[in-house]
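Notes for the one structure printed next.
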Amino acid sequence: MHVILAPAPDGSVVLRRLDARGHRIGPDMTAARPELAREAERIEREERPRWVWRRAADWYPGFLAAGVRLERCHDLALCGAALEGSAFAAATHYTSTFAPRSEPTEPGGSLPQLPAPEGQGSLFEDTPDHGPDADKLEYELKAQLAAIAGATQPGRLRLLCAADSAGALVAAEMQAAGIPWDSTTHESLLAEQLGPRPRGLERPALLEEKANELREHLGAPRLNPDSPQELMRALHRAGIEARTTRAWELREFTHPAIQPLLEYKKLARLLAANGWAWLDAWVRDGRFRPEYVVAGVVTGRWASRGGGALQIPKQVRAAARALPGHKLVVADASQLEPRVLAALARDDEMAAAAQDADLYARIAAAGFGGDRAKAKVALLGAIYGATTGESGRLMPQLAKLYPRAVAYVEQAARDGERGLTVTTHLGRSSPRPSERWQRLQQSTTAEEQRRADAAARDRGRFTRNFVVQGTAAEWAECWMAELRLRLRRLAGRGLHGELVYFLHDEVMVHAEEPAAEACADAIREAAAAARRLLFGSAPVEFPVSIAVVDSYDQAK
DNA sequence: GTCCTGAGCGCG
DNA sequence: AAAGCGCGCTCAGGAC
């Protein structure tokens with residue numbers, strides 16, 4: 001059963017029941033704002049409906065603040081975006097009335113977000129106080145259910161919508177919970193590496209010291225090492241003919257200035273990205289509460305807003321610390337992308353290797369003379385589209401071992417080069433090429449042909465990776481959705497643990513100490529459930545490695 | 001002064 | 001060791 005939540009003009013909320021097919025049941029109800037959470041809680045307890053709203057991110061945080069958790073929802077904006085682009089539903093001609101329409105993206109990067117067309121109006125449409133009424137929401141829901149029912153793969157698209165919608169719930173719950181963050185630990189890490197917190201905007205003592213060391217070695221007493229141009233000139237004067245100031249390129253030179261320069265860069269990065277200013281801005285009441293953007297990446301991966309939540313550097317992970325009497329249960333899905341490829345391509349040979357806990361070692365034994373590093377480089381090269389270097393040279397050998405898997409990514413690459421879209425296992429399709437890209441492919445002059453070919457190859461690498469990265473994101477989202485349900489069940493038995501962090505193929509549960517092992521089991525069971533949901537009986541394993549620790553740095 | 005882009009580097 | 005995919009964030013420096 002569905003219950004639609006819609007804002008009413010008088011400030012109250014309309015609740016409308018529909019059956020599984022979208023037929024209305026009974027008259028609308030209304031709830032005044034202050035009673036909404038309690039009313040929803042009662043309906044949740046008695047009927048376990050699927051809550052339908054324009055966007056979970058607008059509504060659900062309010063419920064959480066009132067202490068009300070909901071199990072299932074249908075996020076019309078997220079589902080609309082996925083269905084509208086999906087090749088599986090192309091024949092249904094569904095178009096979303098809600099999802100923001102975005103321009104086709106350039107290969108390898110998205111265009112900046114266009115400003116809202118209707119001025120500040122859109123700011124308010126996006127809150128639960130303003131927006132489409134119950135009739136519009138009902139219309140949209142029916143259109144989406146029809147698009148799913150009429151699709152070439154209805155089961156997969158239904159799962160994709162359920163996964164994104166569950167993701168929206170988890171995202172709000174994790175933001176409300178936050179990662180337990182020990183500012184004292186963080187501050188002592190900073191003091192240790194950078195020196196005491198400076199009063200003003202000057203460099204911390206140890207960083208300034210490193211800068212002086214560098215200036216001496218380069219014979220440039222007034223150098224500002226934060227300026228790439230100044231730095232480049234100083235390097236050249238000292239006889240270091242670097243083309244860029246990237247760390248990996250600088251490492252190629254032997255000169256006494258290189259070591260202090262690399263150290264300076266490392267420390268300057270720590271200060272700028274995760275220093276005292278970061279602590280002030282993002283950590284409140286002992287928690288780091290990032291905002292997750294579900295399916296915010298073209299491939300369906302999540303993005304985040306604020307605080308760089310998906311880039312917490314190893315340097316400061318010790319500050320993510322369980323409260324007294326608690327543990328962090330940190331789990332990651334080992335070698336997720338190659339396993340996904342084996343399942344996607346139905347490559348039984350590679351699937352056999354994916355039965356093993358160490359897939360790379362099995363592949364190395366099968367055809368790379370036991371050289372694990374070689375097997376790994378070859379496989380990642382296939383997924384990323386490497387053509388040069390060692391990875392490119394190893395491709396023929398990989399293709400001989402696993403013809404189906406390699407053919408699968410090659411096909412995705414060729415489709416992309418030709419301007420076609422590609423689609424993940426559950427039906428998320430890649431964006432169409434931009435107008436500019438298509439025009440470039442029509443060009444006739446030799447110079448433009450060269451550029452067109454380069455752009456085609458770029459897009460081929462993008463679509464090649466899209467099918468694997470996107471399907472891996474679907475597995476991970478299902479993993480979290482399944483884990484979320486199991487953690488709820490454990491809580492009912494007095495074993496408390498809550499999801500507090502998610503990073504592509506990694507989850508973190510903050511658990512009361514006696515519940516930690518049960519949470520670890522739930523994580524493993526959820527991984528198995530996600531495999532069944534996506535790939536049924538395909539013989540591919542998705543092992544997770546789990547660490548029960550006091551702080552994040554102790555995991556792996 | 002404000003806005004935007006590229007370089008660089010953090011994460012998977 | 002390497003430079004193939006996807007992101008967010010900060011800073012410097014140029015454009016306006």
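Quantities reported herein were computed from a predicted structural model and do not represent experimental measurements. Proteins come first, then strands; the chains are lettered A, B, ... in the order of their sequence lines, and each starts at number 1. Values reported hereafter were calculated over all heavy atoms of this structure, with side chains retained and with hydrogens, waters and symmetry mates removed.
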Item to check | Nearest-nucleotide pick for A:Ala303, side chain only, options being C:dC5, C:dC7, B:dC9 | outcome: C:dC7
Checklist entry - When all nucleic acid strands are considered with a 4.0 Å heavy-atom cut-off, which category describes A:Arg269: base, sugar-phosphate, or nothing? => result base
Checklist entry - Within the structure shown, what part of the strands sits under 4.0 Å from A:Leu336 by heavy-atom distance: base, sugar-phosphate, or nothing? => result nothing
Next on the checklist: If you only use heavy atoms from C-beta on, which nucleotide in B:dC11, C:dG4, C:dG13 is closest to the side chain of A:Arg317?
Outcome noted: B:dC11
Checklist outcome for this item: Against the side chain of A:Phe462, the closest entry in C:dA1, C:dG6, C:dG13 is C:dG6
Item to check | Nearest-Å distance for atom pair NZ/C1', residues A:Lys265 and B:dG10 | outcome: 13 Å
Checklist entry - Would you call A:Arg203 and A:Asp226 a salt bridge, using N to O less than 4.0 angstrom? => result yes
Checklist entry - When we call it a touch if two heavy atoms are under 4.0 Å apart, what does A:Val377 touch: a base, just sugar-phosphate, or nothing? => result base
Checklist entry - Reckon A:Gln315 touches a base, only the sugar-phosphate, or nothing at all at heavy-atom distances under 4.0 Å? => result nothing
Item to check | A:Arg418, CZ: over 12 other non-hydrogen atoms inside 6.0 angstrom | outcome: no
Next on the checklist: Output the rounded distance in Å from NZ (A:Lys374) to C1' (C:dA1).
Outcome noted: 13 Å
Checklist entry - When all nucleic acid strands are considered with a 4.0 Å heavy-atom cut-off, which category describes A:Gly392: base, sugar-phosphate, or nothing? => result nothing
Checklist entry - So which one's nearest nucleotide on DNA chain C is more toward 5', A:Asn224 or A:Asn465? => result A:Asn465
Checklist entry - Are a donor atom and an acceptor atom from the side chains of A:Thr423 and A:Ser429 found within less than 3.5 Å of each other? => result yes
Checklist entry - Contact class for A:Trp248 (heavy atom, under 4.0 Å): base, sugar-phosphate, or nothing? => result base
Next on the checklist: Students often get this wrong, so: under 4.0 angstrom with heavy atoms, is A:Ser391 touching a base, only sugar-phosphate, or nothing?
Outcome noted: nothing
Next on the checklist: Using a heavy-atom cut-off of 4.0 Å across all strands, would you classify A:Ala382 as base, sugar-phosphate, or nothing?
Outcome noted: nothing
Checklist outcome for this item: The answer to which of A:Gly296 and A:Glu252 contacts DNA chain C further toward the 5' end, by nearest nucleotide, is A:Glu252
Checklist entry - For A:Arg464, which contact category applies under a 4.0 Å heavy-atom criterion: base, sugar-phosphate, or nothing? => result nothing
Checklist entry - Could A:Lys265 and A:Glu249 be called an ion pair, given the rule that one side-chain N must be under 4.0 Å from one carboxylate O? => result no
Item to check | Pair A:Arg464 + A:Glu417, salt bridge at N-O below 4.0 Å | outcome: no
Next on the checklist: The side chain of A:Val298 is closest to which nucleotide in this list: C:dC7, B:dG12, C:dA1?
Outcome noted: C:dC7
Item to check | Nearest-Å distance for atom pair CD/P, residues A:Gln311 and C:dC7 | outcome: 12 Å
Next on the checklist: Please confirm whether the shortest side-chain N or O distance from A:Thr245 to OP1 or OP2 of B:dG8 is below 4.0 Å.
Outcome noted: yes
Item to check | A:Arg393/A:Glu390 salt bridge by N-O under 4.0 Å criterion | outcome: no
Checklist outcome for this item: Here the distance between atom P of C:dG4 and atom CD of A:Gln469, to the nearest Å, is 17 Å
Next on the checklist: Does B:dG12 have its OP1 or OP2 closer than 4.0 Å to a side-chain nitrogen or oxygen of A:Lys314?
Outcome noted: yes
Checklist entry - With a non-hydrogen cut-off below 4.0 angstrom, is A:Glu249 in contact with a base, only sugar-phosphate, or nothing? => result nothing
Item to check | Atom-pair distance (CG on A:Leu231; P on B:dA7), nearest Å | outcome: 15 Å
Next on the checklist: So for A:Arg301 and C:dC7, does any side-chain atom that can act as donor or acceptor lie under 3.5 Å from a complementary atom in the base?
Outcome noted: no
Next on the checklist: For a quick check of understanding: with a heavy-atom distance under 4.0 Å over all strands, which category does A:Thr244 fall into, base, sugar-phosphate or nothing?
Outcome noted: sugar-phosphate
Next on the checklist: Just N and O in the side chain of A:Lys266: are any of them under 4.0 Å from OP1 or OP2 of B:dG10?
Outcome noted: yes
Next on the checklist: Could you tell me the Watson-Crick or G-U partner of C:dA3, where both distances fall under 3.5 Å? Say none if there is no partner.
Outcome noted: none
Next on the checklist: side-chain contact (heavy atoms from CB on, under 4.5 Å), that's the test. Do A:Lys327 and A:Asp550 meet it? Break it down for me.
Outcome noted: CA-CA 5 Å; A:Lys327 289 283 181 185; A:Asp550 294 310; 3.0 Å; yes
Next on the checklist: What is the separation between atom CZ on A:Arg243 and atom C1' on B:dA7, rounded to the nearest whole Å?
Outcome noted: 14 Å
Next on the checklist: In whole Å, I'd like the distance from the CG atom of A:Leu341 to the P atom of C:dC5.
Outcome noted: 17 Å
Checklist entry - Could you state the CZ-C1' distance from A:Phe502 to B:dC11, rounded to the nearest angstrom? => result 13 Å
Checklist entry - For C:dG4, is chi within 90° of 0 (syn) or not (anti)? => result syn
Checklist entry - Phosphate oxygens OP1/OP2 of C:dC5: is one of them under 4.0 Å from a side-chain N or O of A:Thr299? => result no
